[in-house]
Number of protein chains: 2
Amino acid sequence: MYIGELSAQSGLSIDTLRYYEKIGLIPDPTRDQGGRRVYQESIKDWIAFLKKLRATGMGVKDMARYAALREVGPETANQRRQMLEDRRDIVTAKIEELSDCLNLLNYKVDLYEKMERDGLETSSPLEAKVQTKGLLKKED
Amino acid sequence: MYIGELSAQSGLSIDTLRYYEKIGLIPDPTRDQGGRRVYQESIKDWIAFLKKLRATGMGVKDMARYAALREVGPETANQRRQMLEDRRDIVTAKIEELSDCLNLLNYKVDLYEKMERDGLETSSPLEAKVQTKGLLKKED
DNA sequence: GTAAATTCTGGGGTGCACTCTAGGTCAACA
DNA sequence: TGTTGACCTAGAGTGCACCCCAGAATTTAC
């Protein structure tokens with residue numbers, strides 16, 4: 001598989017694939033006679049995992065550390081497990097934070113809906129504006 | 001309240017407060033005789049909300065758009081509600097994505113724990129390495 | 001009265017994660 | 001044979017969200 005196909009199948013751009021290779025996230029692939037990168041099918045699983053790590057907010061440096069440990073072999077399993085546990089804690093906290101944000105967003109959307117309904121019920125736009133102005137100042 | 005105190009109480013650095021002011025996230029505060037920024041207490045609520053929006057991953061440009069709409073007045077409530085609803089969808093999706101990631105992390109931490117246990121049970125480190133190598137290649 | 005602390009402005013610097021460009025090589029097809 | 005399209009390298013550029021710095025003014029404390 002050449003880099004174009006891997007890009008299409010993995011969802012990473014060609015540039016990103018080369019960048020990931022350069023910083024050690026992806027092992028150097030073999031080359032064909034013309035110097036083109038030739039990838040194994042199995043690389044797709046690894047890339048899928050890398051994408052998951054990125055989705056957790058892990059920076060590429062940490063990912064490169066993880067990738068380097070993986071290259072060393074099974075004796076680094078302990079360190080990798082630790083990294084994943086750390087990341088798990090971070091993700092758990094982030095989910096909680098986002099849930100909080102979601103509650104706030106829901107609350108405010110409700111408020112806005114009420115405001116807009118009230119604005120329609122009182123057929124006086126001007127009054128409605130004055131009425132809701134207080135709410136706005138407090139709540140946005 | 002001067003900028004130093006606001007920084008301490010809001011958790012944003014002095015530089016960030018001035019930056020937010022420059023890009024329109026925070027309304028221009030009044031100044032004292034010496035030209036120093038003087039903030040109202042109420043600004044803290046607004047900043048707290050801005051921090052929530054940032055926590056959802058909203059970029060400062062969108063935040064500035066929201067802030068600008070807010071400055072205009074209640075007649076922009078509809079657009080702001082729309083922005084918050086859009087953001088709500090994004091946050092909901094992000095929480096789902098992170099939950100997926102969390103499952104994967106838990107699964108892999110479990111795997112690593114099993115691997116390390118097996119490594120201890122078989123008192124032969126070399127064999128253990130060979131045994132787990134297959135798992136590693138498949139699972140990391 | 002002077003030294004220290006705080007704030008001011010304008011503009012440059014940083015780290016991150018890519019993304020793009022220029023100038024070339026190579027394989028396959030008409 | 002020649003041209004098209006995919007790929008190559010090295011390095012520069014981008015957008016984001018700050019962060020830092022120099023040099024000046026002002027306020028506060030002693």
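Naming: A, B, ... by sequence-line order, numbering from 1 per chain.
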Nearest whole angstrom, please: distance from the [atom2] of [N] to the [atom1] of [X].
{"X": "B/Ile14", "N": "D/dC19", "atom1": "CD1", "atom2": "C1'", "result": "12 Å"}
{"X": "A/Asp28", "N": "D/dC8", "atom1": "CG", "atom2": "C1'", "result": "14 Å"}
{"X": "A/Tyr39", "N": "D/dC7", "atom1": "OH", "atom2": "P", "result": "10 Å"}
{"X": "B/Gln33", "N": "C/dT7", "atom1": "CD", "atom2": "P", "result": "15 Å"}
{"X": "B/Ile3", "N": "D/dT27", "atom1": "CD1", "atom2": "P", "result": "16 Å"}
{"X": "B/Lys22", "N": "D/dC16", "atom1": "NZ", "atom2": "P", "result": "15 Å"}
{"X": "A/Leu53", "N": "C/dA17", "atom1": "CG", "atom2": "P", "result": "12 Å"}
{"X": "B/Lys51", "N": "D/dA17", "atom1": "NZ", "atom2": "P", "result": "16 Å"}

Quiz item: Please walk me through it: do B/Met83 and B/Asp86 pass side-chain contact (heavy atoms from CB on, under 4.5 Å)?
Solution: CA-CA 5 Å; B/Met83 287 186 76; B/Asp86 292 350; 5.6 Å; no

Quiz prompt | Contact nearer the 5' end of DNA chain C, comparing A/Asp15 with A/Asp32 | solution = A/Asp15

Presence of [X] side-chain N/O under 4.0 Å of [N] phosphate oxygens OP1/OP2:
{"X": "B/Arg36", "N": "C/dA5", "answer": "no"}
{"X": "A/Tyr2", "N": "D/dC8", "answer": "no"}
{"X": "B/Tyr20", "N": "D/dC18", "answer": "yes"}
{"X": "A/Thr16", "N": "C/dA17", "answer": "no"}
{"X": "A/Arg18", "N": "D/dA6", "answer": "no"}
{"X": "A/Arg37", "N": "D/dC8", "answer": "yes"}

Practice problem: Sort out for me which residue in A/Val91, A/Ile90, A/Asp62, A/Leu84 forms a side-chain contact (heavy atoms from CB on, under 4.5 Å) with A/Thr56. | Solution: A/Val91

Self-check item: Shortest side-chain distance from B/Lys61, nucleotide among C/dC16, D/dC16, D/dC7
Solution: D/dC16

Quiz item: Which one, C/dA27, C/dC8, C/dC18, comes nearest to the side chain of A/Val60?
Solution: C/dC18

Quiz item: Is it true that the side chains of A/Gln82 and A/Asn78 contain a donor and an acceptor less than 3.5 Å apart?
Solution: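 Per modelled atom types, A/Gln82 and A/Asn78 side chains form no pair under 3.5 Å.
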
Quiz item: Start at the 5' end of DNA chain D and walk down; is the nucleotide closest to B/Gly59 or to B/Gly34 reached first?
Solution: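 By nearest-heavy-atom nucleotide position, the 5'-most residue is B/Gly59.
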
Self-check item: 5'-most by nearest nucleotide on DNA chain D - B/Gly57 or A/Gly35
Solution: A/Gly35

Quiz item: Are B/Lys61 and B/Arg65 side-chain neighbours, meaning at least one heavy-atom pair lies under 4.5 Å?
Solution: no

Practice problem: Answer with yes or no whether the hydrophobic clustering places B/Phe49 together with B/Ile47; edges join I, L, V, M, F, W, Y residues whose side-chain heavy atoms lie under 4.5 Å apart. | Solution: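 Same cluster.
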
